[in-house]
S.K.: 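Below is a structure I'd like to ask you about.
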Amino acid sequence: MVATNVVFIFICSVLVFLMTPGLAFFYGGMVPKKNINNTLMSVFIMCSIPVLLWITIGYSLSFSGNYFNVIGNLHNFMLHNVKLAAGAVQTSGSITNVAYIIFQMMFAIITPALFVGAIVGRMDFKFLISFTVLWSIFVYYPLVHIVWGGGFLQNWGALDFAGGTVVHIDAGVTALVLAYFLGPRLVKQNGSPLNLSWVLLGTALLWIGWYGFNAGSAFAINTVAMQAMLTTTVAAATAMLAWIILDVFTKRNATLLGICTGALCGLVAITPACGFVSVESAMVIGLVATIVSYFFINVVKPILKIDDTLDAFGCHGVSGIVGSIMTGLFAAKKINPAVKINGLFEGGGFKLLGIQTGATLFTIVFTLIMVSMLIMVLKRIIRMRISKAEEQLREELKD
């Protein structure tokens, strides 16, 4: 059975890897022609740096040892002392260590790629590279350890099936802070995205990859994996339809960009809950997350005046927050025996909801503080934003 599960995780890992080029198309289709190459490069470079970091120190800091219930050690530096063919402790031996390392490496690739959507067209590339390295070490790996690697949130009983806190809230809050420190673009893009075909292609690749992301987090080809795939589909479909309805009633016009954005919000929101909740619950999570994200992007964001260029926080951060908290409402032991306390609406009282709310708030505050500190230190060494002359020159180039 372990061999079968390893094949399953191999396929899921390939699907998760596919999400990063999919994200490049998604983001690349929404920017002006003059920023396409920079956007594609900024996303696709994440297939290099996070891979090398993960193999060198990332896996070890995430899953080896336990300092203060916050971070691991370097006992497995460069994967030394890891018996690759042995059963992974984190999955109760359902897959091998090497399969688990590869699968988690794909998460380490896609997560920093997500926050690129907030800074396209105005961040210095050298700053992005340096920030990604420091962010991975001081933000991402600690959160992985805290939530999945034996840290205090895992011990506390917080549930995150496939990355609501570790991936989406983390990347979303990072995007918001980066956008705040960068400041607004000199000239904002008006009208429809340049290439909606790319946006649709990127959405399709992300959706397909998300099945590896969510179903693969069961670490076995079993009923829980199939439940995760089913709830993922239902939440995305619900969110897509909800966004269309909101657009029709508020803007009198349904758009392809809205359809794609709605689907993405549903995929994000169901991620922490997909292996813990029923189909009916998935519909509610997708619906509520879309309404909240839609309200944030169209009402709150203009008030904040933070130029999150492609709504990385509005989609990933906000929907991730909603999904993480709502896991405390709908998680059920009957769906997954790993759930120790039923959610509020499953007869378990307020305990799990309190735990999920606390875990969500911790992730927001931790990421906010750490990212702000990293930016303030790094910008003293490396220029954060391209010069106004460079940015103005780009704006003057014809599309």
Side-chain angles (χ1 to χ4, degrees), residues 19-47 110 112-129 131-132 171-172 174-206 243 247 251 253-265 293-294 296-298 300-302 304-317 383-399:
M19 295 174 75
T20 300
L23 186 69
F25 277 110
F26 183 78
Y27 284 163
M30 289 194 285
V31 299
K33 185 176 180 180
K34 50 185 158 283
N35 287 329
I36 287 178
N37 285 342
N38 177 265
T39 302
L40 295 177
M41 183 171 66
S42 296
V43 174
F44 200 59
I45 191 63
M46 300 306 171
C47 294
I110 187 63
L114 295 174
F115 61 67
V116 169
I119 52 88
V120 293
R122 62 194 194 280
M123 178 175 280
D124 188 279
F125 192 69
K126 294 188 293 295
F127 186 94
L128 175 63
I129 298 302
F131 175 80
T132 300
T174 299
L176 189 68
V177 178
L178 284 171
Y180 171 77
F181 276 94
L182 266 178
R185 287 162 286 174
L186 292 180
V187 179
K188 290 189 178 182
Q189 179 186 357
N190 295 315
S192 299
L194 178 69
N195 195 329
L196 283 169
S197 298
W198 276 26
V199 175
L200 178 58
L201 174 62
T203 304
L205 291 174
L206 285 167
W243 197 286
D247 264 350
K251 300 178 181 178
N253 183 34
T255 65
L256 179 56
L257 178 62
I259 290 174
C260 293
T261 304
L264 188 64
C265 288
S293 283
Y294 191 92
F296 179 87
I297 292 171
N298 291 281
V300 178
K301 179 184 171 183
L304 293 178
K305 295 184 174 16
I306 296 178
D307 191 2
D308 176 3
T309 314
L310 305 181
D311 291 314
F313 178 76
C315 291
H316 295 278
R383 182 181 65 175
M384 184 177 187
R385 182 167 178 157
I386 61 176
S387 67
K388 288 186 177 181
E390 289 177 281
E391 192 170 350
Q392 189 63 48
L393 180 61
R394 287 186 183 182
E395 295 301 332
E396 290 172 357
L397 292 173
K398 292 183 179 180
D399 286 342

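None of these values were measured; they are calculated from a predicted model.
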S.K.: Do C315 and T261 touch side chain to side chain, with heavy atoms closer than 4.5 Å?
M.R.: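 Yes, side chains in contact.
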S.K.: Supply the atom-to-atom distance F115 CZ to M123 CE, rounded to the nearest 0.5 angstrom.
M.R.: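 That separation rounds to 8.0 Å.
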S.K.: In chain order, what residues pass the ring pair (Phe, Tyr, Trp, His ring centres under 6.0 Å) check against Y294, with sequence neighbours excluded?
M.R.: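 Y294 satisfies ring pair (Phe, Tyr, Trp, His ring centres under 6.0 Å) with W243 only.
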S.K.: Which heavy atom in T132 sits nearest to a heavy atom in P112, and how many Å separate them?
M.R.: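 What the structure gives for the nearest pair is CG2-CB, 4.1 Å.
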S.K.: Could you pull out the closest heavy-atom pair between A179 and I306, with the gap in Å?
M.R.: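 In terms of heavy atoms, the two residues are closest at CB-CG2, 3.7 Å.
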S.K.: Please report the shortest heavy-atom distance between Y27 and G117, naming the atom on each side.
M.R.: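 Distance-wise, the nearest heavy atoms are CE1-N, 3.4 Å.
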S.K.: Got F125 and I129 here, is their nearest side-chain heavy-atom distance under 4.5 Å?
M.R.: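 A side-chain contact exists here, since the closest heavy-atom pair is under 4.5 Å.
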S.K.: Strictly below 4.0 Å, N to O, side chains only: are D124 and R385 in salt-bridge contact?
M.R.: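 R385 and D124: not salt-bridged.
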S.K.: Looking at every heavy atom in both C47 and T20, which two are closest together, and how far apart are they?
M.R.: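 Nearest pair, atom of C47 first, then T20: SG-CG2, 3.7 Å.
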S.K.: Out of curiosity, C265 SG to I297 CD1, how far, rounded to the nearest 0.5 Å?
M.R.: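 Answer rounded to 0.5 Å: 5.5 Å.
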S.K.: With side chains defined as the heavy atoms from C-beta onward, is the minimum distance between T174 and F131 less than 4.5 Å?
M.R.: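 Yes, their side chains come closer than 4.5 Å.
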S.K.: Is any side-chain heavy atom of D307 less than 4.5 Å from a side-chain heavy atom of L182?
M.R.: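 No, too far: nothing below the 4.5 Å cut-off.
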S.K.: Measuring from L178:CG to L128:CG, what's the distance to the nearest 0.5 Å?
M.R.: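 Reported to 0.5 Å precision, the distance equals 8.5 Å.
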S.K.: State, to 0.1 Å, how close N298 and P302 come at their nearest heavy-atom pair, and which atoms those are.
M.R.: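 Minimum heavy-atom contact is O-CG, 3.7 Å.
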S.K.: Decide yes or no on side chain to side chain contact (heavy atoms under 4.5 Å, CB included) for L205 and F26, but give the supporting numbers first.
M.R.: CA-CA 9 Å; L205 291 174; F26 183 78; over 6 Å; no
S.K.: Between atom CZ of F181 and atom CE of M384, what is the distance when rounded to the nearest 0.5 Å?
M.R.: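 Between F181 CZ and M384 CE, I get 7.0 Å after rounding to 0.5 Å.
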S.K.: Distance check, rounded to the nearest 0.5 Å: L256 atom CG versus S197 atom OG?
M.R.: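 If we round to the nearest 0.5 Å, L256:CG and S197:OG are 8.0 Å apart.
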S.K.: Can you name the nearest heavy-atom pair linking V43 to A113, along with the distance?
M.R.: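 Taking every non-hydrogen atom into account, CG1-CB, 4.0 Å.
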S.K.: Could you give me the CA-CA distance, side-chain angles and deciding distance for K301 and D311, then say whether salt bridge (charged side-chain N to carboxylate O under 4.0 Å, His left out) is met?
M.R.: CA-CA 9 Å; K301 179 184 171 183; D311 291 314; 2.7 Å; yes
S.K.: Heavy atoms, side chains only, cut-off 4.5 Å: are V199 and L257 in contact?
M.R.: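 When only atoms from C-beta onward are counted, L257 and V199 do touch, with a gap below 4.5 Å.
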S.K.: Go through the steps to decide whether T255 and D247 satisfy the test side chain to side chain contact (heavy atoms under 4.5 Å, CB included), and finish with yes or no.
M.R.: CA-CA 8 Å; T255 65; D247 264 350; 3.7 Å; yes
S.K.: What's the separation between atom CG in N35 and atom CZ in R122, rounded to the nearest 0.5 Å?
M.R.: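 So the CG of N35 and the CZ of R122 are separated by 10.0 Å.
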S.K.: Side-chain contact, heavy-atom cut-off 4.5 Å: M46 with I110?
M.R.: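 Heavy-atom side-chain distance check fails, nothing below 4.5 Å.
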S.K.: With sequence neighbours excluded, what pairs up with F296 under the ring pair (Phe, Tyr, Trp, His ring centres under 6.0 Å) test?
M.R.: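 So F296 forms a ring pair (Phe, Tyr, Trp, His ring centres under 6.0 Å) with F313.
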S.K.: So do the side chains of S42 and V120 get within less than 4.5 Å of each other, counting heavy atoms only?
M.R.: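 With C-beta onward as the side chain, the pair stays apart.
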S.K.: Do the non-hydrogen side-chain atoms of L23 and L206 ever get within less than 4.5 Å of each other?
M.R.: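 Yes, at least one pair of side-chain atoms sits under 4.5 Å.
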